[in-house]
Amino acid sequence: MQFQVKTDDIVETRLVDGGMRPALGAGAVRVRVDKFGLSANNVTYAAAGFTLGYWTFFPPYDPSNSTSGGTSEGWGVVPVWGFATVVESTSADIPVGERLFGYFPPAKTVDLEPVQVSSSLFVDGAAHRSELPTGYNVYRRVGTGNGFTGGLSEEHYMLLYPLYITSFALWDLLAENNWYGAKRIILTSASSKTSIGLAHGLRVDAAAPACLGLTSARNVPFVQSIELYDVVVSYEDIETLDASIPTVIVDMAGNGALLGQLHNHLGDSMVQTLQVGLTHWDGDIRNPAINRDRSTFFFAPSQIQKRMKDWGPQGFQEKSSAYLLAAVAHTQSWLNLHTSESLADLPDIYGRVCRGDANPEDGFVFTLN
C-alpha cells in the first residue's frame, strides 16, 4: 500500500495497492517502513512538489498493476521522515534487520540502492534521486538502542527532527548575518512547530533581537501559553505593529496577501524577509506589494551543507543536536502525540493537517503493523 496525493489538488488523496513488488535488483535493499511523523511540513512538500522536486523522490505506484485499477498519472508521493527496517537485501554492506532513519514514502515498503556506505550511514544511489539534495538521500544506520535519538523517543525524534533542524539552520543564518541589523524578528504562522523551534532558539540566545509571533486569532492563546515570543499578534492586528522598528520577517506561511500587507505596513523598516514555508499553501504568494529585492528564499539543506563544510560533520552534529534536544525538551511540555497504527488513517489525518483543522499542539505519528 502507498499513500498518494493529487499533484494539482493536494487535498485529494488515495491509498493504492501496488500489487506484487518486482524482484529486488543487485546491490539494493527493500525496507519495511515502521513508523513516521506527519506535520504541516509534509504539506509544504506537497505544495512545493514541482518547484523543489519533492514529487521526484518516490515514484507513485501504478494501480494498473494491481486490483486497484486506474493510473499513476497526476498523482505523487509526499515524503515523510521516519524509521524503517531492512527486510530483504542483495547488498554486501547492508544486512537484513538493519534499522534506518531517513526520508521514506508513506507506504509499507520501499527499495533503496545503498552507495557511499559507512558504519553510520549510506546514500540512496537510485538514478532518479541523483540530482536531488544529498541531505534527503542520506539514511542513518541507527541500531536498536536509543543512542541515535539522544534519549528522545523515536516518535518525538522523527516528528520534530525535520522541523527543528530547519529551525536551527534559520537561527544559525540569522546569527551569522548579525540579524541583518534588525531589532525585531517577526515569525508568521507562529503556531507552526518550525516557528516554535526557531522562537526557542531566539529566546535562549541573549544576542537575539525581540521575537514577535504572528498567528490566527484562534491560535493566539496557545502561542502565548508556550511563552517563547516576546509579543504575539493576530493577523487581523498587523496594522497595530510599530512600523519604525528595523525588522526581519521569517515567513512560514507563504501567503502573498499577508506578506504584502506586512511589507507595505513596515516599508523601509523591513530589512529582510526569509521565505521558508507554505503553511498557508492555498494563498497566492504572488503580490506586487512584496519587496522582492529584500526577500530571499530559504532552503535549509543549503545552509546545512554549508555548515557541514565549515564545522565538519561531527561539529555540525554536536551543534545541531544540542539545539534540537533543548527545543524538544520544551516542546514536550505542551505537545500531544496522536499515534495511528494503519495507513488507512492517513487520508483523514493528512486532510485535517492540509486544511489547517488540526490543533497546533497536536503531533501525528504512524506506527505501522
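Predicted model only: the values in this text are computed from it and were never measured.
- Contact detail for L346 and P106: the closest heavy-atom pair is CD2-CB, 3.7 Å.
- Here CG of N219 is found 8.0 Å from CG of N359. Values are rounded to the nearest 0.5 Å.
- A donor-acceptor pair is defined here as one N or O able to donate and one able to accept, closer than 3.5 Å; no such pair exists between the side chain of N41 and the backbone of L163.
- The closest side-chain donor-acceptor pair between T331 and Y164 falls under 3.5 angstrom.
- Salt-bridge annotation for E341 and K35: absent, with no side-chain N of the basic residue lying under 4.0 Å from a carboxylate O of the acidic one.
- Aromatic ring centres of Y103 and Y45 lie closer together than 6.0 Å.
- D310 and R307 are joined by a salt bridge, as a carboxylate oxygen and a charged side-chain nitrogen come within less than 4.0 angstrom of each other.
- Of the possible donor and acceptor atoms, none in the side chain of H156 sits under 3.5 Å from a partner among the backbone N and O of V328.
- With T13 contributing its side chain and V5 its backbone, the two residues share no donor-acceptor pair below 3.5 Å.
- By the 4.5 Å heavy-atom criterion applied to side chains, D237 and L214 are not counted as neighbours.
- Under the side-chain contact (heavy atoms from CB on, under 4.5 Å) rule, Q272 has a single partner from V248, T247, N177, which is V248.
- Remark: side-chain polar atoms of S118 are paired, donor with acceptor, to backbone N or O of S120 under 3.5 angstrom.
- For the atom pair CD1 (I245) and OG (S269), the distance works out to 8.5 Å, reported to the nearest 0.5 Å.
- A donor-acceptor contact under 3.5 angstrom links the side chains of H338 and D362, judged on distance only.
- Residues F36 and F104 keep their aromatic ring centres 6.0 Å or farther apart.
- Between the CD1 atom of I185 and the CG atom of L212 there is a distance of 11.0 Å, given to the nearest 0.5 Å.
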Give the table of side-chain donor-acceptor pairs shorter than 3.5 Å for residues 222-233, with sequence neighbours excluded, one pair per line with atom names and distance.
unit_1: S225; atom_1: OG; unit_2: F222; atom_2: O; d: 2.6
unit_1: Y229; atom_1: OH; unit_2: A190; atom_2: O; d: 2.7
unit_1: D230; atom_1: OD2; unit_2: C211; atom_2: N; d: 2.7

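- The CD1 atom of I10 lies 12.0 Å from the CZ atom of R355; values are rounded to the nearest 0.5 Å.
- In this structure, a donor-acceptor pair under 3.5 Å is absent between the side chains of H128 and T56.
- Between the side chain of T90 and the backbone N or O of A28 there is at least one donor-acceptor pair closer than 3.5 Å.
- A donor-acceptor pair under 3.5 Å is formed between the side chain of N137 and the backbone N or O of R129.
- Looking at K193, its side chain never comes within 3.5 Å of a backbone N or O of G363 through a donor-acceptor pair.
- Between R99 and E154, at least one side-chain nitrogen of the basic residue sits less than 4.0 Å from a carboxylate oxygen of the acidic one, meeting the salt-bridge criterion.
- In summary, the aromatic rings of Y161 and F101 are positioned with their centroids under 6.0 Å apart.
- Put simply, the side chain of H200 never gets that close to the backbone of H330: no donor and acceptor are under 3.5 Å apart.
- Aromatic pair Y323/W171: centroids less than 6.0 angstrom apart.
- Note: the hydrophobic cluster containing V77 also contains Y136 (ILVMFWY, side chain heavy atoms under 4.5 Å, direct or indirect links).
- Of the possible donor and acceptor atoms, none in the side chain of Y54 sits under 3.5 Å from a partner among the backbone N and O of G76.
- Salt bridge annotation for R32-D34: present, with a cationic side-chain nitrogen under 4.0 angstrom from a carboxylate oxygen.
- Judged by distance alone, the side chains of Q303 and Q305 never bring a donor and an acceptor atom under 3.5 Å apart.
- With T188 contributing its side chain and A253 its backbone, the two residues share a donor-acceptor pair below 3.5 Å.
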